[in-house]
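What follows is a set of notes on a single structure, which appears directly below.
Order of listing sets the numbers, starting from 1, for every ligand and every atom in it.
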Amino acid sequence: MTLIVQKYGGTSVGTVERIELVADKVFAAQKQGHQIVVVVSAMSGETNRLMALANDIQGEFAHGRELDVLLSTGEQVTIALLSMALQKRGCAAISSTGAQLNILTDNKHNKARIQNIDADRLKRLLDAGNVVVVAGFQGVDDEGNITTLGRGGSDTTAVALAAAAKADECQIYTDVDGVYTTDPRIEPNARRLNRITFEEMLEMASLGSKVLQIRAVEFAGKYDVPLRVLSSFEEGPGTLITYEEDSMEDPFISAIAFNRDEAQLTIKGVPDQPGVAAQILSPISAENIEVDMIVQNVGSDGNTDFTFTVHRNDHNKALKVLENTVKKLGGGQIGGDPNIVKLSIVGVGMRSHAGIASRMFTALADEKINIKMISTSEIKISVVIEEKYLELGVRTLHEVFELDKAKAERNQAASA
Ligand code: ADP
Ligand code: ASP
Ligand code: MG
């Protein structure tokens with residue numbers, strides 16, 4: 001019998017009525033003869049509400065073991081309600097928390113990684129004829145502490161369960177009907193992609209597209225899980241995340257991603273000598289602050305400027321660390337800017353085609369958008385710009401790279 005893992009995100013289970021609709025969809029799929037595992041998120045807004053309660057008590061950014069105890073309750077509400085709705089329809093269903101399903105993680109609270117899933121219990125429950133309704137985003141460490149997997153982590157629960165139980169497909173149901181050329185909420189002309197490669201999806205997720213959590217994409221690629229993003233509210237083929245095909249090597253980019261969660265820090269006039277980058281960044285990482293982009297200018301007069309980005313939540317903390325560093329290094333003027341965003345273009349076709357970077361930079365310059373930092377890799381180019389230009393930047397690049405057109409159409413135009 002085929003086994004399908006379905007995941008429903010927060011908006012899809014945001015009200016009792018929507019939970020009833022999900023129950024209809026799940027029951028229909030089971031009636032078609034599939035075994036079904038359903039992973040659910042907390043009802044929309046619930047994780048944020050719980051975070052805010054914790055922040056009220058712990059200070060600006062709550063964290064740690066008790067936060068996980070709190071946040072995991074959001075998903076627990078949804079599994080109970082969906083199981084009730086299924087049972088009401090005459091569909092055998094049983095709810096399960098992460099811990100009850102032996103989803104074993106490391107002990108890094110609030111951003112734990114799944115280490116092992118013992119699929120035996122899941123299989124037994126399925127073989128007994130149940131739809132198994134699993135709380136996403138949570139697990140348990142080897143000492144029995146509840147852990148959570150980071151924002152958007154229910155995607156990862158779904159893919160990890162699909163891998164462990166060797167499911168035939170993992171379906172991510174959400175409030176858009178697939179993966180688009182860019183966030184359709186920013187660019188109305190964004191187009192749904194029928195397929196996207198794992199590599200491109202990984203880049204998009206790491207560059208800020210929240211439609212799939214990056215760990216979910218990593219897992220799916222590693223364990224070969226057929227992964228599809230679909231709408232909870234309408235029928236359609238969605239987007240299949242797949243391996244690269246020859247036709248995908250077209251000289252085009254596939255998508256635009258952006259990230260509003262970054263902040264920029266600069267330290268000017270530091271001595272241009274061996275070891276300076278380490279002296280600046282080691283204390284930052286010692287404080288558990290992750291650094292994303294880094295730029296060091298060519299030195300002059302024995303001095304240089306050093307700029308990097310961190311998560312916006314870490315901006316103030318990083319500034320304090322830099323103040324101490326400057327005292328030790330001597331010289332140096334510190335600056336911070338939390339109002340920046342990272343804008344990126346992604347595409348496997350970029351590998352074999354020069355000129356894409358200059359097209360991107362020219363297009364932004366024509367709109368008088370100043371580029372503050374640049375970073376490139378084989379299949380992506382990222383720039384840091386002021387936050388107020390984000391929407392203009394996304395729309396400009398979407399138009400210049402003709403992402404509203406299907407690849408075949410762009411191909412024709414290019415060869416005409
Ligand atoms: P869920 O609650 O179902 O997990 P998310 O909010 O995490 O849903 O992810 C879906 C959202 O991702 C969409 O509503 C959309 O605004 C956003 N998004 C960002 N980039 C893209 C993209 N390239 N394609 C589709 N959706 C995107
Ligand atoms: N409820 C969690 C969040 O809002 C996990 C998820 O929805 O995937 O981030
Ligand atoms: Mg999500």
Side-chain angles (χ1 to χ4, degrees), residues 6-14 18 22 38-52 67-68 70-79 98 110-112 114 134-139 147-160 171-196 200-217 228-233 236 238-239 241 253-261 341-347 390-391 394 397-398 403-404:
Q6 299 189 332
K7 177 255 168 177
Y8 292 89
T11 316
S12 312
V13 294
R18 288 193 169 165
V22 168
V38 192
V39 174
V40 285
S41 290
M43 295 167 76
S44 66
E46 182 62 7
T47 308
N48 287 344
R49 187 184 74 86
L50 295 168
M51 278 296 308
L67 181 65
D68 281 348
L70 180 71
L71 293 186
S72 64
T73 62
E75 272 68 13
Q76 195 167 332
V77 169
T78 325
I79 55 172
N110 321 142
K111 50 179 178 195
I114 295 177
V134 185
F137 173 61
Q138 56 178 259
T147 55
T148 64
L149 309 179
R151 298 307 302 265
S154 298
D155 297 334
T156 303
T157 306
V159 177
Q171 304 172 339
I172 306 288
Y173 287 93
T174 182
D175 55 5
V176 281
D177 65 344
V179 178
Y180 275 68
T181 47
T182 192
D183 190 339
R185 292 182 208 290
I186 297 278
E187 168 54 281
N189 292 325
R191 207 169 37 80
R192 183 181 57 78
L193 299 163
N194 283 320
R195 292 161 165 258
I196 185 163
E200 288 171 326
M201 197 62 237
L202 263 183
E203 286 284 6
M204 283 172 71
S206 79
L207 295 169
S209 299
K210 300 206 164 95
V211 60
L212 282 176
Q213 200 199 32
I214 183 164
R215 302 243 173 91
V217 188
R228 199 180 282 278
V229 176
L230 303 136
S231 164
S232 297
F233 306 115
T239 301
I241 324 295
I253 70 159
S254 298
I256 298 170
F258 55 85
N259 188 352
R260 301 179 205 258
D261 295 338
V341 289
K342 183 167 69 175
L343 177 61
S344 311
I345 58 176
V346 175
L390 173 66
E391 301 199 348
V394 169
L397 295 179
H398 203 268
L403 289 179
D404 55 326

Just distances here: any N/O of Asp155 and N/O of ligand 2 closer than 3.5 Å?
->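 Between Asp155 and ligand 2, no N or O pair is found under 3.5 Å apart.
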Within-cut-off N or O pair, Gly150 and ligand 2, under 3.5 Å =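 No; the residue has no nitrogen or oxygen that sits under 3.5 Å from a nitrogen or oxygen of the ligand.
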Where do [X] and [Y] come nearest, in terms of heavy atoms and distance?
| X | Y | result |
| --- | --- | --- |
| Gln213 | Leu149 | NE2-O, 3.2 Å |
| Leu230 | Arg228 | CD2-CD, 3.8 Å |
| Lys7 | Ser154 | CE-CB, 3.7 Å |
| Tyr8 | Ser232 | CD2-OG, 3.7 Å |

Assess Gly153 for proximity to ligand 2: is some non-hydrogen atom of it under 4.0 Å away?
->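 It does, in that a heavy atom of Gly153 comes within the 4.0 Å cut-off of ligand 2.
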Does ligand 2 have any atom sitting under 4.0 Å from a heavy atom of Gly152?
->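 Checking ligand 2 against Gly152, which is what was asked, there is a heavy-atom contact under 4.0 Å.
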Report the nearest protein non-hydrogen atom to atom 7 (O) of ligand 2: residue, atom name, distance rounded to 0.1 Å.
->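 For this ligand atom, the closest protein heavy atom is Ser41 OG, 2.9 Å.
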Closest protein heavy atom (residue, atom, distance) for atom 4 (O) of ligand 2 |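 The protein heavy atom lying closest is Arg151 NH2, 3.0 Å.
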Out of Val217, Leu207, Ile241, which residue meets the side-chain contact (heavy atoms from CB on, under 4.5 Å) rule with Leu202?
->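 Only one of Val217, Leu207, Ile241 forms a side-chain contact (heavy atoms from CB on, under 4.5 Å) with Leu202, namely Val217.
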Applying the side chain to side chain donor-acceptor pair (under 3.5 Å) test to Asp261, which of Arg151, Lys210, Lys342 qualifies?
->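 It is Lys210; the other options fail the test.
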Around ligand 1, what residues show up once you keep those with a heavy atom under 4.0 Å from it?
->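 The answer is Lys7, Gly9, Gly10, Thr174, Asp175, Val176, Gly178, Val179, Tyr180, Thr182, Asp183, Pro184, Arg185, Met204, Ser209, Lys210, Val211, counting any residue whose heavy atom sits under 4.0 Å from ligand 1.
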With rounding to the nearest 0.5 Å, note down the distance linking CG in Leu390 to CG in Asn259.
->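 Rounded to the nearest 0.5 Å, the CG-CG separation comes to 10.0 Å.
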Flag for [Y]-[X]: side-chain donor and acceptor within less than 3.5 Å:
| X | Y | answer |
| --- | --- | --- |
| Glu200 | Ser254 | yes |
| Asp68 | Thr148 | yes |
| Arg191 | Asn189 | no |

Would you kindly specify which portion of Glu75 sits under 4.0 Å from ligand 2, judged on non-hydrogen atoms: side chain, backbone, both or neither?
->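 Side chain only.
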Atom indices of ligand 2 within 4.0 angstrom of Ser154 heavy atoms, with elements =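 Contacts of ligand 2 toward Ser154, numbered from 1: 5 (C), 6 (C), 7 (O), 8 (O).
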